[in-house]
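For reference, the structure discussed in these notes is given below.
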Amino acid sequence: MIQLQFPDGNVREYPVGTTAFEVAASISQGLARNVLSASIDDVTVEVSTPLTTSGKIRLFTWDDEEGKRAFWHSSAHILAQAITHFYPNAKLTIGPAIESGFYYDVDFGDATLSEKDFPKIEKQMLEFAREKATFQMRSVSKTEALDFYADNVYKTELISNLEDGTITFCDHSNFTDLCRGGHLPNTSFVKAVKILNVAGAYWRGDEKNKQLTRVYGISFPKASMLTEYLELLEEAKKRDHRKLGKEMELFTFSQNVGQGLPMWLPKGAALRERLENFLKKAQKKAGYQQVITPHIGNKSLYVCSGHYEKYGKDSFQAINTPEEGEEYLLKPMNCPHHCELYKAKPRSYKDLPLRLAEFGTVYRYEQSGELHGLTRVRGFTQDDAHLFCMPDQLKDEFKKVIDLVLYIFKTLDFQNFTAQVSLRDPENKTKYIGSDENWDKAERAIIEAAAEKGLQTKVEYGEAAFYGPKLDFMVRDALNRSWQLGTIQVDYNLPERFELEYKGSDNQMHRPVMIHRAPFGSMERFVAVLIEHCGGNFPLWLTPEQVIILPVSEKFHDYANKLSQYLENYDIRALIDERSEKVGKKIRDAEVNKYPFMLVVGEKEVESQTVSVRRHGKGDLGTHTWEAFADLVNTEVNASLAPFEG
RNA sequence: GCCGGUGUAGCUCAGUUGGCCAGAGCAGCUGAUUUGUAAUCAGCUGGUCGGGGGUUCGAAUCCCUCCACCGGCUCCA
């Protein structure tokens with residue numbers, strides 16, 4: 001007998017050789033029907049594997065990440081089976097489950113796969129699924145495995161990196177794949193499948209390698225779940241900032257200006273200005289000083305900082321002057337300029353921390369395929385600041401910056417962010433400048449500050465900037481893509497390169513430490529993600545127009561104008577719909593255009609000197625006096641704009 | 001940069017066995033209407049069918065090329 005302990009602590013005895021499926025069946029019929037995957041002592045096992053040792057067992061269903069993973073991983077096998085069915089010469093490589101669905105990377109040789117081929121693959125997958133073939137793991141020797149994949153260089157490469165004795169194949173139906181396991185009991189669980197798209201993907205993620213065809217798909221245990229998922233995708237597309245930004249006239253692009261160079265239209269510019277002022281106010285309270293530096297800088301500045309060596313090739317090319325040999329660069333970063341500001345006069349320890357902030361517009365030549373709406377552009381404005389401090393002030397300053405970032409995120413209702421500690425790639429230190437000692441100090445400072453602030457963090461190696469580690473605040477867009485917004489970075493290296501110093505209380509010269517930080521990250525990207533978060537329904541304090549006045553007929557335009565002026569005196573942004581349309585039409589258009597408040601004014605309102613208030617998405621709020629309405633608006637604005645308590 | 005896809009009016013989209021002056025709805029303009037909580041009516045304007053080149057008697061439609069955009073990969077100071 002073996003003893004299996006369940007997550008609730010209960011221990012039950014089973015005969016040796018019992019499968020996870022049989023364990024599930026011993027608990028309930030429902031669980032037996034729904035169990036997709038299992039683990040013993042946190043090691044994934046097949047539901048059909050006879051268990052021979054005691055341990056902690058977990059049974060996973062669709063509601064568990066592990067259950068979905070088994071589901072999608074198994075679906076990838078069926079996808080591979082279907083691809084092999086239609087393209088016998090295609091070479092399979094890897095096919096993992098991902099966050100939403102699965103993919104398979106395939107070398108199709110001379111053949112190409114396009115959208116037109118999706119339906120037949122989907123159909124074939126479902127046919128294979130209906131066969132109810134069981135997934136059967138088996139161990140194979142290295143020689144046997146290499147022999148099986150003699151004409152597949154990719155699998156051969158994978159196998160040669162595995163240790164003999166640990167290699168397993170998975171069979172289902174007539175199909176065999178190299179696989180380490182974690183499958184559904186059989187293929188029939190897969191009831192709905194959709195091939196989502198194809199994309200190029202480099203073998204092993206290295207652009208020097210051959211580009212394979214990556215086929216993305218998703219599958220579900222119920223057809224209705226697929227329909228729901230596709231509807232969700234459609235809904236998400238409606239929140240896309242590129243669509244809403246255009247509709248709401250916030251920003252635009254022009255081919256004549258250039259790729260990746262966003263231009264802010266009046267409404268967008270005003271919105272951005274409100275965001276900037278909001279941050280400036282908080283920063284002022286936190287002891288920052290605003291500075292302004294030029295958009296270009298002498299090439300030598302970036303040679304000094306290391307940016308030129310690191311990114312010179314991928315930047316806009318040098319700007320030349322009539323003078324022989326004089327070269328400038330569009331600034332890709334504000335830090336070198338700010339270092340020069342630091343050096344504008346001798347600094348004493350009494351000046352520190354020195355906090356220099358600038359909404360600095362920078363230009364980077366991003367690869368064309370990488371550009372994406374406002375989230376990835378070639379010209380953008382960072383809400384940048386550089387904090388120069390003494391080493392013993394570092395952690396405290398860092399924690400204060402965390403407070404500021406959290407304040408910004410809270411005010412804008414970004415609750416679902418990930419705090420990511422981005423460290424050096426321990427495998428490849430050549431990508432970075434500076435000494436191991438400095439890096440260790442900087443990395444430790446970030447980890448400790450985040451821990452002391454009680455931040456839940458995720459550590460990612462290889463994500464650091466070339467001059468220092470970062471604490472990045474990642475937020476997802478409407479389509480669940482993750483973007484870096486806020487960032488805080490510790491840097492011992494640029495102060496060295498720029499030979500920054502201050503005179504200490506000991507009358508000796510010392511080197512300051514720098515913190516680079518940008519709570520929004522870039523104004524462009526932040527606004528993009530903000531648009532998607534609120535679906536274009538901005539918080540009242542930010543929205544381009546807060547109020548639209550809807551006169552019932554032309555007779556009431558005078559009243560509307562007086563009302564508009566009154567609201568303007570209260571800093572409320574209002575406009576009047578003076579078209580000769582019916583109120584129903586004006587309301588409909590105002591709702592479609594996402595104006596937060598609609599004020600209907602006609603005979604009744606003129607008589608009683610009131611307004612009829614209607615809230616976007618909520619409907620009629622009844623009659624208010626002018627004053628009561630102004631209060632209503634300002635109360636809401638103030639409630640969402642609590643001051644920074646830094 | 002790479003792989004795959006898309007490109008017709010400001011927006012959403014019709015229009016391919018290649019064939020009359022390229023269509024619709026919305027938006028815009030003009031006029032009528034003076035309107036009470038999600039679409040009043042009529043008329044009009046608007047497009048070198050992404051740019052360029054080619055095939056053809058004839059191209060939005062077929063071919064080549066460039067550009068932009070979309071989904072990924074790589075990259076992301």
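Below, each value reflects all heavy atoms present in this structure, side chains not excepted, and no hydrogens, waters or symmetry copies. Convention: sequence-line order gives letters A, B, ...; per-chain numbering from 1.
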By the 4.0 Å heavy-atom rule, please label [X] as base, sugar-phosphate, or nothing.
| X | answer |
| --- | --- |
| A/Lys618 | nothing |
| A/Ala199 | base |
| A/Arg614 | base |
| A/Gln255 | sugar-phosphate |
| A/Glu603 | base |
| A/Lys604 | base |
| A/Gly205 | sugar-phosphate |
| A/Phe253 | nothing |
| A/Glu605 | base |
| A/Gly602 | base |
| A/Ser305 | nothing |
| A/Val583 | sugar-phosphate |
| A/Arg615 | nothing |

Going by atom types only, do A/Glu605 and A/Ser612 share a side-chain donor-acceptor pair under 3.5 Å?
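A pair is found: one side chain offers a donor N or O, the other an acceptor, under 3.5 Å apart.
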When the [atom1] atoms of [N] and [M] are considered, how many whole Å apart are they?
| N | M | atom1 | value |
| --- | --- | --- | --- |
| B/A59 | B/G52 | C1' | 15 Å |
| B/C29 | B/A22 | C1' | 23 Å |
| B/G46 | B/A24 | P | 13 Å |
| B/U16 | B/G7 | P | 13 Å |
| B/C49 | B/U35 | P | 47 Å |
| B/A9 | B/C26 | C1' | 12 Å |
| B/G18 | B/G54 | C1' | 15 Å |

Phosphate-side-chain proximity, [X] and [N], N/O vs OP1/OP2 below 4.0 Å:
| X | N | value |
| --- | --- | --- |
| A/Gln259 | B/A68 | yes |
| A/Arg588 | B/U37 | no |
| A/Lys585 | B/U35 | no |
| A/Arg579 | B/U35 | no |
| A/Lys310 | B/C76 | no |
| A/His372 | B/G71 | yes |
| A/Tyr311 | B/A77 | yes |
| A/Lys555 | B/U35 | yes |
| A/Thr213 | B/C3 | no |
| A/Arg376 | B/C75 | no |

Pairs counted as Watson-Crick or G-U wobble with both distances under 3.5 Å: what dot-bracket string results for RNA chain B, using | for bases tied to another strand?
(((((((..((((.....[...)))).(((((.......))))).....(((((..]....))))))))))))....
Nearest to side-chain heavy atoms of [X], which nucleotide of [options]:
| X | options | answer |
| --- | --- | --- |
| A/Lys582 | B/A77, B/C73, B/U35 | B/U35 |
| A/Gln211 | B/C3, B/U35, B/G1 | B/C3 |
| A/Glu554 | B/C73, B/A77, B/U34 | B/U34 |
| A/Ser368 | B/G71, B/A77, B/G1 | B/G1 |
| A/Gln367 | B/C75, B/C70, B/C73 | B/C75 |
| A/Phe466 | B/G1, B/G71, B/A77 | B/A77 |

Quick check: any donor-acceptor pair below 3.5 Å linking the side-chain of [X] to the base of [N]?
| X | N | result |
| --- | --- | --- |
| A/Tyr202 | B/G72 | no |
| A/Ser580 | B/U34 | no |
| A/Glu366 | B/C76 | no |

State the [atom1]-[atom2] distance between [X] and [Y], to the nearest 0.5 angstrom.
| X | Y | atom1 | atom2 | answer |
| --- | --- | --- | --- | --- |
| A/Ser75 | A/Tyr103 | OG | OH | 15.0 Å |
| A/Leu387 | A/Asp491 | CG | CG | 12.0 Å |
| A/Arg517 | A/Arg355 | CZ | CZ | 10.5 Å |

Do A/Val405 and A/Ile488 touch side chain to side chain, with heavy atoms closer than 4.5 Å?
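Side-chain contact under 4.5 Å: yes.
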Do the two ring centres, one from [X] and one from [Y], sit under 6.0 Å apart?
| X | Y | value |
| --- | --- | --- |
| A/Phe629 | A/Phe597 | yes |
| A/His307 | A/Phe466 | yes |
| A/Tyr467 | A/Tyr432 | no |

Whole-Å gap separating [atom2] ([N]) and [atom1] ([X]):
| X | N | atom1 | atom2 | value |
| --- | --- | --- | --- | --- |
| A/His338 | B/A77 | NE2 | C1' | 14 Å |
| A/Leu371 | B/C76 | CG | C1' | 11 Å |
| A/Glu115 | B/G72 | CD | P | 13 Å |
| A/Met598 | B/A38 | CE | P | 10 Å |
| A/Leu250 | B/C11 | CG | P | 16 Å |
| A/Lys210 | B/C2 | NZ | P | 16 Å |
| A/His516 | B/A77 | NE2 | C1' | 9 Å |
| A/Asp577 | B/A39 | CG | C1' | 13 Å |

Could you check A/Arg579, A/Lys582, A/Lys594 and say which one makes a salt bridge (charged side-chain N to carboxylate O under 4.0 Å, His left out) with A/Asp589?
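Exactly one option meets the salt bridge (charged side-chain N to carboxylate O under 4.0 Å, His left out) with A/Asp589, and it is A/Arg579.
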Would A/Arg378 pass as a cation-pi partner of A/Tyr363, given that its NZ or CZ must be under 6.0 Å from the six-membered ring centre and within 45 degrees of the axis?
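That pair does not qualify as a cation-pi contact.
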Look only at the side chain of A/Lys299 and the backbone of A/Ile319, and say whether a donor-acceptor pair between them is shorter than 3.5 Å.
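No; judged by distance alone, with no hydrogens or angles, the pair does not exist.
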Exactly one of A/Trp483, A/Phe526, A/Phe473, A/Phe520 should register a ring pair (Phe, Tyr, Trp, His ring centres under 6.0 Å) with A/Phe414. Which one does?
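Exactly one candidate clears the test, A/Phe526.
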